[in-house]
Peer 1: 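Can you read through this structure? Questions will come right after.
First the proteins, then the strands, lettered A, B, ... as listed; each starts at 1. Values in this document were obtained by computation on a predicted structure and should not be read as measured data.
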There are 2 protein chains.
Amino acid sequence: MFTFDQLAGFIAVAEELHFGRAAERLNMTQPPLSRQIQKLEKIIGAELLERDNRRVELTSAGETFLEEARRLMALAERAPVTARRIASGRSGVLRIGFTAASGFSILGPLLEEISGIMPDVDIDLQELVTREQLNGLLTGELDLGFARPPFDSETFDSHLLYRESMVLAVPSSHPLTLLGRDLTAEDFKDEPLIMHSPTQARYFYDLVVRMLPIQHANVVHTVSQILTMVSLVAAKRGLAFVPHSATLLGIKGVEFLPLEAGREEQVELHALWNRRITNPALARLLRDLEFAME
Amino acid sequence: MFTFDQLAGFIAVAEELHFGRAAERLNMTQPPLSRQIQKLEKIIGAELLERDNRRVELTSAGETFLEEARRLMALAERAPVTARRIASGRSGVLRIGFTAASGFSILGPLLEEISGIMPDVDIDLQELVTREQLNGLLTGELDLGFARPPFDSETFDSHLLYRESMVLAVPSSHPLTLLGRDLTAEDFKDEPLIMHSPTQARYFYDLVVRMLPIQHANVVHTVSQILTMVSLVAAKRGLAFVPHSATLLGIKGVEFLPLEAGREEQVELHALWNRRITNPALARLLRDLEFAME
DNA sequence: TCAAGTGATACCCGGAAGGCATCATGTTTA
DNA sequence: TAAACATGATGCCTTCCGGGTATCACTTGA
């Protein structure tokens with residue numbers, strides 16, 4: 001195999017068509033350059049330059065090899081630069097998972113901020129429930145997640161993005177909308193309820209159950225997505241407990257009423273990541289966003 | 001700048017994820033391979049592999065650098081092969097000039113034969129008069145020409161492709177078509193004539209003047225292209241002397257009559273090239289077509 | 001606690017690459 | 001026409017890079 005020095009030597013001679021000047025350009029003397037080219041030609045197995053004692057010119061083979069040599073040199077010069085960019089986190093791919101609920105409010109502005117900080121990093125977004133996010137973070141398929149507790153703080157580090165109250169979603173025409181004060185369990189004890197799935201949306205389920213004495217007999221639907229819940233409320237199938245940011249969904253025919261118990265029990269959204277960080281882009285992001293590391 | 005050995009070393013380690021096995025694959029021992037990688041990382045300015053004493057894995061930077069490294073190696077392996085192909089004439093470009101007259105008959109079959117012999121050689125065709133061809137062959141813009149004498153046999157080598165008789169082109173309805181024998185100058189001494197340009201088509205001009213006592217007073221047009229001549233004959237502007245292959249043009253309203261003098265004086269078409277051959281594809285072509293060289 | 005596995009280090013040696021001096025050859029100049 | 005010049009190739013010397021062997025350092029598992 002030839003060397004990059006030989007390629008550089010050949011390119012210089014091919015451009016100058018003069019061994020002396022080419023050698024000068026390469027900061028070396030002419031004799032070793034001559035031998036370099038000879039060796040290169042021997043390795044290639046073809047004459048690249050035709051030189052008589054007066055003039056040097058490229059052969060046909062030399063002409064096309066010159067193109068290849070230039071391409072090689074360009075590639076070789078670019079490769080370390082991109083590698084360094086990625087190592088410093090200024091470039092690369094950041095795979096982010098998010099729950100549908102987090103997408104309403106926090107995701108947009110945060111992506112805005114990320115692409116402001118690291119414009120050359122590609123963001124790969126995936127909607128995943130918390131459990132899938134944890135799994136992805138473990139296997140390394142995911143760099144960062146937006147999810148809700150609980151998660152193992154041994155393996156994951158996290159940063160609280162925000163808390164919000166739970167509110168009650170009711171159809172616009174519903175009598176409760178006229179009440180004008182924070183609601184208690186008593187106010188909707190006979191209303192049909194749309195509840196969170198205890199498996200797919202355990203966080204919300206646990207929180208609501210902890211917050212209010214639910215009449216399980218009143219539960220008419222069990223769903224896992226906030227959007228589905230609000231749509232069902234709009235269709236007058238019942239009432240639902242949703243985080244305050246669901247107001248941003250902008251679905252017609254639904255109103256959101258404050259809950260007395262919601263003042264205390266709030267839902268949290270965390271950014272979380274594997275403590276064993278392998279992606280430099282993530283390290284840079286956490287540093288720049290000033291998320292607590294450790 | 002890094003070396004190809006370092007790249008090969010890195011690729012091997014990245015694929016094996018094990019220094020010992022990678023070294024074995026490269027037919028070397030493990031220690032120099034370790035140093036090779038260290039040196040490469042230092043040159044790149046980024047960590048490519050993360051190794052603790054138990055396992056080796058790629059960093060993000062290492063992953064993308066691996067792709068670049070593979071591309072570099074592939075390019076480096078291909079480059080000499082193409083260079084050799086071109087040097088041996090099995091690939092490359094062959095620039096061929098031809099006169100319009102030669103295009104009628106010889107060009108088609110010859111191109112067929114060339115592309116059969118050297119399928120990977122690109123043929124660049126240009127229609128040029130003999131003088132332009134000679135010029136192109138001199139400057140190296142042309143590799144091979146199809147033209148008619150005279151040309152300097154010091155600089156050019158040539159191969160006679162074929163000879164053909166001159167015939168007389170006459171309008172279909174012309175009385176001479178009824179004659180039924182070879183024509184002499186006497187037969188058309190009062191007819192209007194379309195003659196070759198003594199500058200642009202000197203070969204034909206000289207040949208016709210040598211062959212027949214032309215009444216210059218009868219010359220109504222002076223043109224340089226055979227096709228133009230035949231078209232003018234079809235338009236009943238006069239009679240013209242053209243090579244026999246002009247019959248292949250298939251122009252309506254023209255007949256071609258044999259000339260007595262045409263039996264002796266024949267026009268020649270030569271393949272010709274610069275004796276100083278720089279294009280390996282041309283050398284190969286001449287050898288394979290068994291054209292005389294020297 | 002010890003053996004096995006694995007990457008890093010220390011040291012030595014041979015060969016490759018660069019520098020200097022010079023040659024061979026063709027061109028220009030006096 | 002001969003001498004000076006220009007230019008690529010060669011011979012020889014020295015330095016330095018890269019590979020090999022032996023060994024270390026550290027981790028893991030029995």
Peer 1: So, is A:Thr29 close to the C:dG18 phosphate, meaning a side-chain N or O under 4.0 Å from OP1 or OP2?
Peer 2: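 No, A:Thr29 has no side-chain N/O under 4.0 Å of OP1/OP2 on C:dG18.
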Peer 1: Please state how far atom CZ in B:Arg21 lies from atom C1' in C:dG7, giving the value in whole angstrom units.
Peer 2: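 Computing the B:Arg21:CZ to C:dG7:C1' distance gives 13 Å.
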Peer 1: Calculate the interatomic distance between B:Glu41 atom CD and C:dA8 atom P; express it in whole Å.
Peer 2: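 Nearest whole value for this atom pair: 9 Å.
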Peer 1: Take the protein atom CD1 of A:Ile43 and the nucleotide atom P of C:dA16, then report the distance between them rounded to whole Å.
Peer 2: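 One finds 11 Å between P of C:dA16 and CD1 of A:Ile43, rounded.
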Peer 1: Answer yes when A:Arg71 and A:Glu68 have at least one side-chain N-carboxylate O distance shorter than 4.0 Å, and no when they do not.
Peer 2: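 Yes, A:Arg71 and A:Glu68 are salt-bridged.
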Peer 1: How many whole angstroms separate atom NZ of A:Lys42 from atom C1' of C:dA16?
Peer 2: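 One finds 14 Å between C1' of C:dA16 and NZ of A:Lys42, rounded.
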Peer 1: Given atom CZ of B:Phe19 and atom C1' of D:dA25, what is their separation to the nearest angstrom?
Peer 2: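 To the nearest whole Å, that distance equals 16 Å.
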Peer 1: What closest approach, in Å, do B:His196 and B:Tyr205 show between heavy atoms, and which atom pair accounts for it?
Peer 2: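 Of all heavy-atom pairs spanning B:His196 and B:Tyr205, the closest is O-CD1, 3.3 Å.
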Peer 1: Measure CZ/B:Phe2 against P/D:dG18 and give the value in whole Å, please.
Peer 2: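 Atom CZ in B:Phe2 sits about 14 Å away from atom P in D:dG18.
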Peer 1: Near DNA chain C, counting only heavy atoms under 4.0 Å, which residues of residues 33-40 of chain B show up?
Peer 2: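 Only B:Ser34, B:Arg35, B:Gln38 qualify.
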Peer 1: Quickly, which of B:Phe156, B:Phe146, B:Tyr162, B:Phe151 forms a ring-ring contact (aromatic ring centres under 6.0 Å, His included) with B:His270? Name it, please.
Peer 2: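 Exactly one pass, corresponding to B:Phe151.
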Peer 1: Checking B:Ser197 now: which residues fulfil side chain to side chain contact (heavy atoms under 4.5 Å, CB included) with it, not counting sequence neighbours?
Peer 2: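 Expected list: B:Thr199, B:Gln200, B:Thr222, B:Ser224.
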Peer 1: For B:Asn27 and A:Pro31, take the nucleotide of DNA chain D holding the closest heavy atom to each; which residue's nucleotide lies nearer the 5' end?
Peer 2: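 The answer here is A:Pro31.
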Peer 1: Taking for each residue the nucleotide of DNA chain C bearing the nearest heavy atom, is the 5' side occupied by B:Asp52 or by A:Pro32?
Peer 2: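 The residue closer to the strand's 5' end, by nearest nucleotide, is B:Asp52.
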Peer 1: Can you name the residues that form a ring pair (Phe, Tyr, Trp, His ring centres under 6.0 Å) with A:Phe19, not counting sequence neighbours?
Peer 2: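 Result, ring pair (Phe, Tyr, Trp, His ring centres under 6.0 Å) vs A:Phe19: none returned.
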Peer 1: Hey, can you tell me if B:Phe4 and A:Phe4 have their rings parallel, tilted or perpendicular (30° and 60° cut-offs)?
Peer 2: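 The arrangement is parallel - the two ring planes meet at less than 30°.
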Peer 1: Taking CE from A:Met28 and C1' from D:dT15, how many angstroms apart are they, rounded to a whole number?
Peer 2: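 It works out to 15 Å between those atoms.
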Peer 1: Figure out the CZ/C1' separation between B:Arg51 and C:dT9, and round it to whole Å.
Peer 2: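 In whole Å, C:dT9 C1' and B:Arg51 CZ are 14 Å from each other.
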Peer 1: Are B:Phe10 and B:Phe65 close enough that their ring centres sit under 6.0 Å apart?
Peer 2: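 Close enough - the centres of the two rings lie under 6.0 Å apart.
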